[in-house]
Novice: 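This is the structure I want to talk about, given as structure tokens.
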Amino acid sequence: MKFYITTPIFYANARLHMGHTYTLVLADILARYHRTIGDQTFFLTGSDEHGEKIARAAQKEGLGPQVFVNGKAELFQELLKELHISNDTFIRTSDQKRHWPGAVKLWRALEASGDIYQGIYHGLYCVGCEAFVTEKELVHGKCVLHDMVPEKIEEENLFFKLSRYSTELKRLIESGELKITPESRGREMLALIGEGLADVSISRLMGGVPWGVPLPSDPSKVMYVWCDALSSYLSALGYGSDDETNVNLYWPADVQILGKDILRFHALLWPALLLSAHLAPPKELLVHGFITSGGAKMSKTLGNVLDPEEFIKEYGIDALRYYLAREVSTTEDGDLTREKFKETYNANLANGLGNLVSRTLKMATQYFNGTITSEPSRVPPLRVDNATLSVIGDLEGVNIPYVIMNDILPRYHALLRAHEIPKAMDVVWELIGYLDGYITSYEPFKLIKTDPEMTERVIWGLVYGLHEIAEMLFPMMPLTAGKIKELITVKEEEGIVTFTTASLSAPLFMRKE
Ligand code: MSP
């Protein structure tokens with residue numbers, strides 16, 4: 001199967017903060033997961049480089065817009081590398097060769113459908129949102145998202161007949177053909193459609209700085225930045241170029257990840273543009289909440305903007321990926337504080353996973369010189385308590401390989417296929433809990449003195465578990481998964497499995513005081 005996944009393209013006006021990192025990590029986890037299950041995967045991210053917001057930010061720094069965005073796009077790509085984001089390509093909207101032909105092709109398709117007409121826009125514009133806003137959406141005269149008073153503008157613009165697509169949009173969302181996750185977000189969009197969708201201004205006169213894709217029919221105007229940006233999901237596949245193989249292969253997108261602030265553009269404008277251009281809408285919009293810092297939205301004024309680099313430096317890449325994958329709900333807002341980060345890091349990475357890996361490998365080396373052989377069925381049973389039993393039900397008496405194959409893995413895969421990343425992580429940690437409990441109940445460090453053969457089978461079970469954990473963690477924590485797998489080699493001969501293990505030279509996760 002093919003799997004096309006996108007993140008929004010990020011505004012190239014500032015460095016990426018923790019919120020953007022969150023979007024990226026979620027998309028990366030799903031992209032990596034789909035590759036591991038054999039899907040032909042294409043993962044897109046990029047930068048949104050046009051529009052007034054960017055032009056002004058460049059001006060403020062005394063730079064031309066192109067030089068300015070080049071610098072930002074470079075910073076973005078450095079962070080992507082650092083975070084081990086496995087994107088297949090990076091699209092930039094100022095790229096005249098790769099992006100503009102697609103944006104122009106989409107525009108022409110809208111014109112050909114008779115959906116573009118001339119009008120005069122007079123009303124309000126929030127540069128923060130890069131959106132036309134109405135009085136009704138303001139609180140105390142300000143945009144709530146950007147705490148900014150929108151500007152009054154009156155200009156001759158081209159309009160897109162969004163209203164024409166209301167009924168079809170409603171049908172797509174209601175039928176789930178355009179799935180919006182979580183459903184509550186879909187209902188919000190249906191309510192907006194119910195209030196009536198007005199046509200939208202889709203071009204801008206760019207005052208002094210003509211910074212955007214010029215309209216093919218009127219180069220004195222540029223394409224409205226959201227139309228330009230949304231078209232990048234297609235231009236990145238080669239739409240409008242000489243080679244549209246990837247468009248045919250990958251479109252429609254399987255999952256488009258985005259934050260709740262930009263849902264309207266993705267759930268209403270985007271599918272309407274696609275319908276007008278006779279293209280299919282994306283299959284699913286996965287809408288996540290905001291990362292808040294100390295209970296508040298990150299903002300320069302509050303001084304609570306979280307920088308991913310700071311966490312990477314102190315805790316490492318996978319620790320940050322762990323936090324974003326497990327400790328933040330994919331649909332609600334999630335708070336990130338330094339204290340909470342340290343607490344979960346110590347409990348679940350330094351103690352939980354890290355400790356289990358080092359204890360197990362140490363025993364394997366010390367007692368068996370790193371070579372452990374058994375048949376899976378000869379591994380002693382789990383001795384679980386009542387609380388665990390209520391989870392695994394009638395699996396009492398079964399051993400680690402059995403529980404992994406029949407309970408842990410099926411649940412893990414079902415959850416990841418449903419994009420339930422934190423819950424899939426919980427399943428991995430449930431297994432870590434079983435393995436910890438296994439050590440406590442069999443006490444291999446004592447058992448070795450009386451029954452080396454049984455001890456070997458106990459350690460075999462643990463090593464088997466670790467190997468599976470590494471497989472399961474690969475999408476979320478690729479470096480840690482790689483390190484664990486490097487330490488464990490598997491050889492199978494006629495149903496008998498031999499693990500050769502090496503010891504850790506340093507703990508996977510150092511405890512933080
Ligand atoms: N350029 C537009 C998207 C165009 S897509 C055709 C844009 N860029 S952005 O840089 O402002 O935001 C990119 C993504 O980061 C969005 O999904 C947004 O929701 C997300 N986040 C920005 N701040 C966030 C948090 N504090 N928390 C979580 N994600 C948030 O919008």
Side-chain angles (χ1 to χ4, degrees), residues 5-28 44-54 57 69 72-73 75-76 79-80 83 85 90-94 99 102-103 106 126-131 143 145-146 148 181 185 212-213 223-236 253 255-271 273-274 282 285-300 302 304-308 320 323-325 327-337:
I5 183 163
T6 67
T7 70
I9 54 171
F10 301 93
Y11 282 129
N13 63 337
R15 292 163 67 92
L16 296 180
H17 61 52
M18 195 60 90
H20 309 122
T21 304
Y22 182 58
T23 302
L24 279 164
V25 168
L26 287 186
D28 187 53
L44 168 71
T45 188
S47 53
D48 191 350
E49 305 186 345
H50 287 141
E52 217 159 315
K53 183 159 61 187
I54 310 286
V69 294
K72 293 292 179 281
L75 280 179
F76 288 5
L79 181 68
L80 294 182
L83 284 164
I85 300 297
F90 187 92
I91 192 79
R92 299 181 52 189
T93 53
S94 75
H99 172 66
L106 181 70
C126 169
V127 177
C129 298
E130 289 283 14
C143 158
L145 280 177
H146 297 93
M148 262 161 69
T181 310
R185 298 276 174 212
V213 181
M223 207 175 276
Y224 170 43
V225 65
W226 268 100
C227 178
D228 171 0
L230 289 163
S231 71
S232 71
Y233 296 139
L234 288 167
S235 68
V255 180
Q256 301 209 267
I257 296 202
L258 49 130
K260 60 180 183 180
D261 53 330
I262 56 173
L263 175 58
R264 266 206 268 172
F265 300 101
H266 284 80
L268 305 174
L269 179 59
W270 179 223
L273 294 174
L274 290 164
L285 302 174
L286 182 57
V287 190
H288 63 76
F290 268 27
I291 301 264
T292 54
S293 155
K297 183 172 179 275
M298 282 181 260
S299 82
K300 282 195 195 126
L302 283 177
N304 64 346
V305 177
L306 295 165
D307 181 0
L320 176 59
Y323 192 95
L324 298 176
E327 306 294 339
V328 181
S329 145
T330 30
T331 51
E332 306 294 317
D333 287 356
D335 203 41
L336 198 164
T337 58

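Counting starts at 1 for both ligands and their atoms, in listed order.
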Novice: Applying salt bridge (Lys or Arg N to Asp or Glu O under 4.0 Å), name anything that partners Asp48, two or more places apart in sequence or on another chain.
Specialist: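 Expected list: none.
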Novice: Hey, are Lys297 and Asp333 close enough for a salt bridge, meaning a charged N less than 4.0 Å from a carboxylate O?
Specialist: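 No, no charged N to carboxylate O under 4.0 Å.
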Novice: Test: side-chain hydrogen bond (donor to acceptor under 3.5 Å, both in side chains). Region: residues 16-26. Which pairs qualify, not counting sequence neighbours?
Specialist: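 Matches after skipping sequence neighbours: Thr23-His288.
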Novice: At their closest point, which heavy atom of Val328 faces which heavy atom of Gly334, and how far apart are they?
Specialist: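 Nearest pair, atom of Val328 first, then Gly334: CG1-CA, 4.1 Å.
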Novice: State which residues pass salt bridge (Lys or Arg N to Asp or Glu O under 4.0 Å) with Asp261; sequence neighbours excluded, sorted by chain then number.
Specialist: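 None.
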Novice: Any chance the side chains of Thr93 and Glu49 put a donor and an acceptor closer than 3.5 Å?
Specialist: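 The answer is no; no qualifying pair exists.
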Novice: Write out the protein residues near ligand 1, meaning a non-hydrogen atom under 4.0 Å from one of its atoms, in order of chain and number.
Specialist: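 Within 4.0 Å of ligand 1, the protein residues are Pro8, Ile9, Phe10, Tyr11, His17, Gly19, His20, Thr23, Asp48, Trp226, Ala229, Leu230, Tyr233, Leu258, Gly259, Asp261, Ile262, His266, His288, Gly289, Phe290, Ile291, Met298.
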